[in-house]
Student: 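The structure that follows is given in the form of structure tokens.
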Amino acid sequence: MTGDGTAPTPATSTPPTSAEPTAPTPGEGLIGRPLPRVHDPRMLRGQGRYVDDIDDASALHAALVRSTVAHGRVTRFDASAALRDAGAHLALGPEEIARHTEPLPTVWNIPGQRLKHIELAAPTVRYVGQPIGIVVADSRAAAEDAAERVEVTVEPLPAVVGVDAALADGAPLLYPEDGSNIAGEVRFGDPASDVEEIMAGAPHVVERELGVQRVSFCSMEPRGILAEWLDATEQLTVWSSTQVPHALRYGLATALRLRVDQIRALVPDVGGAFGGKAAVYVDEVLVCLAARLLGRRVKWTEDRAEALTASYQGRGQRAHARLALDADGRFLAVEAHVKGDLGAFPTQGGSGPFQVAGQSIEGPYRFDRAGATVTAVHTNAVPTGAYRGYGMQEAAWIRERLIEEAARELGVEAGHLRRLNLVRADEMPYTTRTLMTYDNGDYPAALRRAAELAEGFRRERTGRVRRGVAVTPCVEITGFAPTALLELAGAEMSGWEGGRIRVNEDGTVTVFAGAISMGQGIETTLAQIVAEQLGLPLQQIAVRLGDTDTTPHSELSSQASRSVALSGGALMLAGARMRERMRGLAARYLGTATEDVRLEGQVFRAGKTGETATWREVAHRGWLGWGRAEHDRIQLEETVDFDPPAITFAYSAHAAEVAVDLDTGTVTVEKYHTVNDSGVLVNPLIAKGQVVGAVAQGLGLALMEESAYDPVTAQPLTTSLWDYELPGPGDVPDVGVEHTVTPSTLIPGGFKGLGEGGTLPPPVTVANAVADAVPEIAHALTETPLTPARVWELLAAEGLDRARG
């Protein structure tokens, strides 16, 4: 194994398989090479082109009128003063918005969910920051000034914060007609009665209330949109910082009463997303509505205060969880009641993250029985949605804290319990009690290697600074998801992915994919895949992404660790087809059989005669229509729609050493190392960057990040980066990254995803290391973030603070 992630070590020799066999992989060995990202020179020269960089000399600017109260009825919206401003062009309130729009549909619902749409002009506001109206003016400053002149009256209603308060007797109801704040509920795994029977007879049961805080996405680039309506063509063109251009187009068509083919969505450079740009927002629709009504370009860029208080948030759940073990430490059962904080209403993804938490509760372990009940709860806070590693991080927090506490109570090593219960390589494929089938891998090997690394971490842990070490294994859903599975789950999303390869008349190659680039280097990895499949240099490949008029349809696009697995898998198949077509054209030009032709560099050579033809010559003749077989297509394009047969699972094990200052409660992560298996790595350099960045994000969740609300008024308390703390260089140690390679048997090329995996174990790994350092407070480590104030309170409660210690 290597520490820098640049030379993966094969863990198995299982060849990748698929519904359509791939051709032998020719070329320059580009898959597996740690190449710099192809777009880096442009970025480093300052030539990035984000939404806010698009020429807006002719554009008007929008500002949103947002609710300043968490719950209330809108009784008055008077924009007359705003419209008297010289630079104001338009002001829309709830009544005007309702006249011109339809609600946005939700797509991932939960059984019992009655609210299956998102109102664009809600007469009742349910969180601070909810859009009430929009103002358009000549400049951003003028629009913001005019928005402040809009007179809004909201009749206040009682507010509720947090799932426990929302479920309490007598809690204020967000939707009184529902009779409670429960939006819906679902059960995964074994029936609760079966699990309860195991629990009742188990020699040892660990039980905890565990919580994961709400967090903001905090991408470097906030959301932004530029919309242009042309009356002459009745076309809406939208430039958006979105992860899902095709879903954006469909949502806008529905809300604006347009045909889908009247809308073109384009995605320029995107400065990070993390799931926060995977939904269609009300404010984005209102900007497009304004552009349509005015027949002009209208632009809006979210400011940081809006991003922290009005953009959807992630995480936010509490769980009552139990783990049952026999006398030897074998896991008998695990049970969790997950209560997810939906916020004011379900987003498009809605309760999906909480459902994934319930279905992922078992992680990489064997259980005789397992189950989770997931309850989605309305509160007067910003709606929650997808956030990097959603559901899986929360499940890891529940599961691994229970295991650590079981080991402490039993007086055994936590690693012993994990090794005893991990699913083994010879048990693969393995189906969990919640019906997730792990395809392949060696989970114990990853844990052993991480434990070896952790042994080298251990240092002095006495005095006023205590040190502790923890090792945590994890499984990651990647290549999400087969369309049949989404249909079965009632999620109105398509999981298939398209890829198209065009060999142009001059022999250059253009690649079209539904994935978008948001900092993960997908342009480079897809180019590497196609270049290797065709046997061409990387410089001959151009990748086109993020244009609904030209790129293949992609409902989910770049999220859920799926871009390389699904777009890459589709392009592996398309590349194999295109290579054979080019060989056939070359063979007919050279007067020989296809199997006699080899591509050497960019020259086709007939083995028997030695006659040659260049790749460019063959491409030119192909577009002329010369030399094709009787039923061959003329255009040198190959398109593949790839729908994976099942989810492919990556896995990892993380090791951390922390120092806990007993005087201040400060937790410092001093060492961190990961052992990962994400199948065949297309670009190990990019893979390492993804893992390190994800770990840093996970450490932020572990130690500092939290979107907080006043418990009475539901006013947001983290409204700027002064209040919302993000990890800096001093908070993240050098992260060691190792990779093994177990090729996926489900994805052409053997790829698995890795974009989210690094975020999953850090919070619980850090917490377990704190428990190791200060076992006196281990039982009370039940929620994140482990801020100095929170840890110091726990230390003080045990008499470990300096004043009492």
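Not measured: the values here are computed from a predicted model.
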Student: Over all heavy atoms of both residues, which pair between Pro131 and Leu286 is shortest? Give the atoms and the distance, please.
Tutor: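 The pair with the smallest heavy-atom distance is CB-CD1, 4.2 Å.
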
Student: Considering non-hydrogen atoms only, spot the tightest contact between Ala227 and Leu236 and give its length.
Tutor: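 Of all heavy-atom pairs spanning Ala227 and Leu236, the closest is CB-CD1, 4.2 Å.
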
Student: Should the heavy atoms of other residues, nucleotides or ligands under 6.0 Å from OH of Tyr250 be counted, would the total exceed 12?
Tutor: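 Counting other residues, nucleotides and ligands, OH of Tyr250 stays at 12 neighbours or fewer.
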
Student: Please determine if Arg126 forms a cation-pi arrangement with Phe345, meaning its NZ or CZ atom is less than 6.0 Å from the six-membered ring centre and no more than 45° off the ring axis.
Tutor: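 No, Arg126 and Phe345 do not form such a contact.
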
Student: For the residue pair Arg214 / Gln313, report whether a side-chain donor-acceptor contact shorter than 3.5 Å exists.
Tutor: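 The answer is yes; a qualifying pair exists.
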
Student: I'd like to check Val695 versus Val732 (side-chain heavy atoms, cut-off strictly below 4.5 Å). Are they in contact?
Tutor: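 No, side chains not in contact.
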
Student: Does the side chain of Ser561 pick up a donor-acceptor pair with the side chain of Glu476 at under 3.5 Å?
Tutor: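 Side-chain D/A pair, Ser561 to Glu476: present.
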
Student: Does the side chain of Tyr50 come under 3.5 Å of the side chain of Asp269 through a donor N or O and an acceptor N or O?
Tutor: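 There is no such pair between these side chains.
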
Student: Side chains of Thr301 and Asp52 only: does a donor on one sit below 3.5 Å from an acceptor on the other?
Tutor: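 There is such a pair between these side chains.
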
Student: Does a side-chain heavy-atom distance below 4.5 Å link Thr68 with Val128?
Tutor: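 No, every pair of side-chain atoms sits at 4.5 Å or beyond.
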
Student: Assess, by modelled atom type and distance only, whether the side chains of Ser67 and Gln130 contain a donor and an acceptor separated by less than 3.5 Å.
Tutor: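 Absent: no donor and acceptor within the cut-off.
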
Student: Pairing donors with acceptors under 3.5 angstrom, does anything connect the side chains of Asp138 and His89?
Tutor: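 The answer is yes; a qualifying pair exists.
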
Student: Check Ile134 against Ala290 and note the closest heavy-atom contact, atom names and distance.
Tutor: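 In terms of heavy atoms, the two residues are closest at CD1-CB, 4.5 Å.
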
Student: Can you check whether Leu30's main-chain N or O pairs, donor with acceptor, with Glu532's side chain at less than 3.5 Å?
Tutor: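 Side chain of Glu532 to backbone of Leu30: a pair is present.
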
Student: Side chains of Ser563 and Ser558: is there a donor and an acceptor less than 3.5 Å apart?
Tutor: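 Checked: Ser563/Ser558 side chains pair up, N/O donor to acceptor below 3.5 Å.
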
Student: Under a plain distance cut-off of 3.5 Å, with no hydrogens placed, do Arg223 and Ser311 share a side-chain donor-acceptor pair?
Tutor: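 Yes - a donor-acceptor pair under 3.5 Å links their side chains.
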
Student: Which is it for Arg544 and Val511 under the side-chain contact (heavy atoms from CB on, under 4.5 Å) test, yes or no, and what are the steps along the way?
Tutor: CA-CA 6 Å; Arg544 300 285 182 259; Val511 177; over 6 Å; no

Student: Evaluate side-chain contact (heavy atoms from CB on, under 4.5 Å) for Asp731 paired with Met704, printing each intermediate quantity in order.
Tutor: CA-CA 10 Å; Asp731 301 306; Met704 59 196 67; 3.7 Å; yes

Student: Flag the pair Phe217 / Tyr387 as yes when their ring centroid distance falls below 6.0 Å, and as no otherwise.
Tutor: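 When the ring centroids of Phe217 and Tyr387 are compared, they turn out to be within the sub-6.0 Å range.
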
Student: Would you say the side-chain atoms of Glu555 pair up with the backbone N or O of His246, donor to acceptor, closer than 3.5 Å?
Tutor: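 No, Glu555 side chain to His246 backbone: no donor-acceptor pair under 3.5 Å.
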
Student: Have Thr674 and Asn676 got a donor and an acceptor in their side chains that come within less than 3.5 Å?
Tutor: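 On atom types as modelled, these side chains qualify, holding a pair under 3.5 Å.
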
Student: Does any part of the side chain of Gln243, heavy atoms only, come nearer than 4.5 Å to the side chain of Ser557, both counted from C-beta?
Tutor: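 Sidechains of Gln243 and Ser557: no contact.
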
Student: For a 4.5 angstrom cut-off between non-hydrogen side-chain atoms, does Val382 reach Tyr709?
Tutor: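 Side-chain contact under 4.5 Å: yes.
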
Student: Taking C-beta and beyond as the side chain, do Arg140 and Asp303 meet within less than 4.5 Å on heavy atoms?
Tutor: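 Yes - at least one pair of side-chain heavy atoms lies under 4.5 Å apart.
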
Student: Hey, does Trp229 have a side-chain heavy atom less than 4.5 Å from the side chain of Gln262?
Tutor: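 The answer is yes, as the side chains (C-beta and beyond) meet within the 4.5 Å cut-off.
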
Student: Between Asp677 and Gly679, is there a donor-acceptor pair closer than 3.5 Å when you use the side chain of the first and the backbone of the second?
Tutor: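 Flag set: sc Asp677 to bb Gly679 pair under 3.5 Å.
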
Student: Decide whether Tyr724 and Glu705 meet the rule of one side-chain donor and one side-chain acceptor closer than 3.5 Å.
Tutor: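 Side chains of Tyr724 and Glu705: pair found under 3.5 Å.
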
Student: Have Glu221 and Ser241 got a donor and an acceptor in their side chains that come within less than 3.5 Å?
Tutor: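 Yes, Ser241 and Glu221 have a side-chain donor paired with an acceptor closer than 3.5 Å.
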
Student: Using every non-hydrogen atom in the two residues, find where Cys288 and Ile225 come nearest and quote the distance to one decimal.
Tutor: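 Smallest heavy-atom distance, with atoms named: SG-CD1, 3.8 Å.
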
Student: Donor-acceptor pair, distance only, cut-off 3.5 Å: does the side chain of Gln213 make one with the backbone of Leu701?
Tutor: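 A pair under 3.5 Å: yes.
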
Student: Does a donor on one side chain sit under 3.5 Å from an acceptor on the other, for Thr379 and Asp341?
Tutor: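 Judged by distance alone, the side chains do pair up.
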
Student: Can you name the side chain to side chain contact (heavy atoms under 4.5 Å, CB included) partners of Glu492, sequence neighbours left out?
Tutor: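 With neighbours one apart ignored, the set is Val107.
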
Student: Cut-off 3.5 Å, side chains only: do Ser554 and Glu497 have a donor facing an acceptor?
Tutor: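 Distance-only check passes for Ser554 and Glu497.
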
Student: Does a donor on one side chain and an acceptor on the other come within less than 3.5 Å for Gln697 and Thr759?
Tutor: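 Note: Gln697 and Thr759 side chains miss the donor-acceptor criterion.
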
Student: May I ask you to decide if Gly391's main-chain N or O and Glu394's side chain share a donor-acceptor pair within less than 3.5 Å?
Tutor: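 Judged by distance alone, yes, a pair lies under 3.5 Å.
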
Student: Do Leu104 and Val285 come within less than 4.5 Å of each other through their side chains, counting heavy atoms only?
Tutor: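 SC-SC contact between Leu104 and Val285 confirmed.
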
Student: Any chance the side chains of Gln393 and Arg315 put a donor and an acceptor closer than 3.5 Å?
Tutor: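 Note: Gln393 and Arg315 side chains meet the donor-acceptor criterion.
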
Student: Of all the heavy-atom pairs spanning Ala396 and Cys474, show the shortest one and how long it is.
Tutor: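 Heavy atoms only, the tightest pair is CB-SG, 4.2 Å.
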
Student: Please check if the side chain of Arg562 supplies one atom and the backbone of Gly495 the other of a donor-acceptor pair under 3.5 Å.
Tutor: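 Side chain of Arg562 to backbone of Gly495: a pair is present.
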
Student: Within the 3.5 Å criterion, strictly below it, is a donor on Ser707 or Ser216 matched to an acceptor on the partner's side chain?
Tutor: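 Side chains of Ser707 and Ser216: pair found under 3.5 Å.
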
Student: Under the side chain to side chain donor-acceptor pair (under 3.5 Å) test against Asn683, which residue among Gln528, Arg33, Arg37 passes?
Tutor: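 Filter result, single survivor: Gln528.
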
Student: Are Pro222 and Arg304 packed together at the side-chain level, in the sense that at least one heavy-atom pair is separated by less than 4.5 angstrom?
Tutor: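 When only atoms from C-beta onward are counted, Arg304 and Pro222 do touch, with a gap below 4.5 Å.
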
Student: Nearest heavy-atom pair of Thr242 and Val244: which atoms, and what distance?
Tutor: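 So the two residues come closest at OG1-N, 3.1 Å.
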
